[in-house]
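Because the structure is predicted, anything quoted here is derived from the model rather than measured. Proteins come first, then strands; the chains are lettered A, B, ... in the order of their sequence lines, and each starts at number 1.
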Number of protein chains: 2
Amino acid sequence: MLTSRDVEAILIQHGYRLTRPRAAVVDAVLKYTHPFTAEQLVADVGTGKGGSIGRATIYRTLEILASLDVLTRLIQPDGHPAYICDSLGHRHHIVCSGCGTAVAFTFCPVQELVPALARDTAFEIHDHLLEVFGVCPSCQVSATSAGGPRA
Amino acid sequence: MLTSRDVEAILIQHGYRLTRPRAAVVDAVLKYTHPFTAEQLVADVGTGKGGSIGRATIYRTLEILASLDVLTRLIQPDGHPAYICDSLGHRHHIVCSGCGTAVAFTFCPVQELVPALARDTAFEIHDHLLEVFGVCPSCQVSATSAGGPRA
DNA sequence: TCATCAACTGATACCAGGTGTCAACTGGTG
DNA sequence: CACCAGTTGACACCTGGTATCAGTTGATGA
Ligand SMILES: [Mn+2]
Ligand SMILES: [Mn+2]
Ligand SMILES: [Zn+2]
Ligand SMILES: [Zn+2]
């Protein structure tokens, strides 16, 4: 589990200034257990709302944190991006279409496919995107009774 | 290779009416060789532009065609969706970050992963999303000289 | 401790892509 | 050819995201 201190160290280590807004975003980000969207964060710490951080700063900071691998950007079933902070390193997620809960997995089936793809297509492969969608256990139960939760 | 007639038959087969706008969208769609966005199609056959079809109709028709597996919806390197019509069936694409060109591949490395994921996470798995990003051969060359093409 | 200044911020305005509405229209059927 | 559910498209609207830029501030070193 990453702490605010850890993340702050990482920021400094990469030449970023440790600013008040940045620290606040980091703190907020680490509190989420589920994937969250940029707009959710805007609602939580954005100007006028809970905090006083500009929309642009929030978007910028998320980008930085993702580039430093502190956050993983994933794609929700609705196609919109979200962020999650589980831990460092390459991973993918299985995301619940009902409640948004994500579970990470570290085995990447694409990696072993890359050489063959590169050879067959002559593409220079740089990146990939993999999301698995489904319904989590608790949403499976609520599907039989009411509509699933959303938090 | 799918023809307009084929697609029209598929539409009717699924209880959709064969309307003038729908046919025009189908025709336009089949002419693309590269992935295209909804807005691109709006520019091509949208009201006032080349044609006279409303934005809403275009978006609706694309959704229908994707649901019928006539089109595959893929995600571009910039994160925005695009459509491509190669042929029917489950496939994924490797997309060029330079020019948007996509090459399909039919081998899906996720399929064999699903049982283990379902067992480990207790999720009910419904779908997945896989895109591979890179640079196509022709954009690799132009990278050394000018900026890559865009068509 | 303080002066300096590049990095950073956030208000504002803007934009693209996409959706909801609803009166008018039309393909297909009998 | 009358009928009407399915469909259309103009329009208003919304969300998520970006560009700009004058003002602010964290880090550095004197
Ligand atoms: Mn991977
Ligand atoms: Mn697949
Ligand atoms: Zn769930
Ligand atoms: Zn290319």
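- There is no side-chain donor-acceptor pair under 3.5 Å between Y16(A) and E8(A).
- Rounded to whole angstrom, the span from the CG atom of D78(A) across to the P atom of dT19(C) amounts to 11 Å.
- Ranked by how close their nearest DNA chain C nucleotide is to the 5' end, P81(B) and G15(A) are led by G15(A).
- With a 4.5 Å cut-off on side-chain heavy atoms, H92(A) and V132(A) do not count as touching.
- Contact between P137(B) and T121(A) at its shortest, heavy atoms only, is CG-O, 3.9 Å.
- Put simply, the side chain of T101(A) does not reach to within 4.5 Å of the side chain of T33(A), judged on heavy atoms.
- In this structure, the NE2 atom of H80(A) is 17 Å from the P atom of dA16(C), given to the nearest Å.
- The interatomic distance linking H14(B) (NE2) with dG6(D) (C1') rounds to 17 Å, in whole Å.
- Inter-residue side-chain proximity for P35(A) and Y83(A) is flagged as unmet; no heavy-atom pair is nearer than 4.5 Å.
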Polar atom pairs (N or O), protein with nucleotides 24-28 of chain D, under 3.5 Å:
{"unit_1": "dT25(D)", "atom_1": "O2", "unit_2": "R17(A)", "atom_2": "NH1", "d": "3.4"}
{"unit_1": "dG26(D)", "atom_1": "N2", "unit_2": "R17(A)", "atom_2": "NH2", "d": "3.0"}
{"unit_1": "dG26(D)", "atom_1": "N3", "unit_2": "R17(A)", "atom_2": "NH1", "d": "3.4"}
{"unit_1": "dA27(D)", "atom_1": "OP1", "unit_2": "L18(A)", "atom_2": "N", "d": "2.9"}

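- No side-chain heavy atom of D44(A) sits less than 4.5 Å from a side-chain heavy atom of K31(A).
- Ring geometry for H90(A) against H128(A) counts as perpendicular: the plane angle is over 60°, on a 0 to 90° scale with 30° as the lower cut.
- Note on the helix from dT1(C)-dA30(D) to dG30(C)-dC1(D): angle between the axes of the first and last five pairs equals 30°, rounded to 10 degrees.
- Here the side chain of E131(A) pairs no donor or acceptor atom with the backbone of Q76(A) at under 3.5 angstrom.
- The CZ atom of R22(B) sits 11 Å away from the P atom of dG6(D) (whole-angstrom rounding).
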Report all interatomic pairs (protein N or O, nucleotide N or O of nucleotides 11-15 of chain C) with separations under 3.5 Å.
{"unit_1": "dA11(C)", "atom_1": "OP2", "unit_2": "T47(A)", "atom_2": "OG1", "d": "2.8"}

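- The separation between L41(B) atom CG and dG17(C) atom P is 13 Å, rounded to whole Å.
- Rounded to an integer number of Å, the gap from E63(B) CD to dG18(C) C1' is 10 Å.
- The nearest pair of heavy atoms linking V95(A) to G100(A) is CG1-O, 3.8 Å.
- For the pair Q140(B) (side chain) and A122(A) (backbone), a donor-acceptor distance under 3.5 Å is present.
- We find that CZ of F36(A) is positioned 15 Å from P of dG16(D), with the value rounded to whole Å.
- Looking at R73(A) and E63(A), their side chains come closer than 4.5 Å, going by heavy atoms from C-beta outward.
- For Y59(B) and dG18(C), the OH to C1' distance is 5 Å, given to the nearest whole Å.
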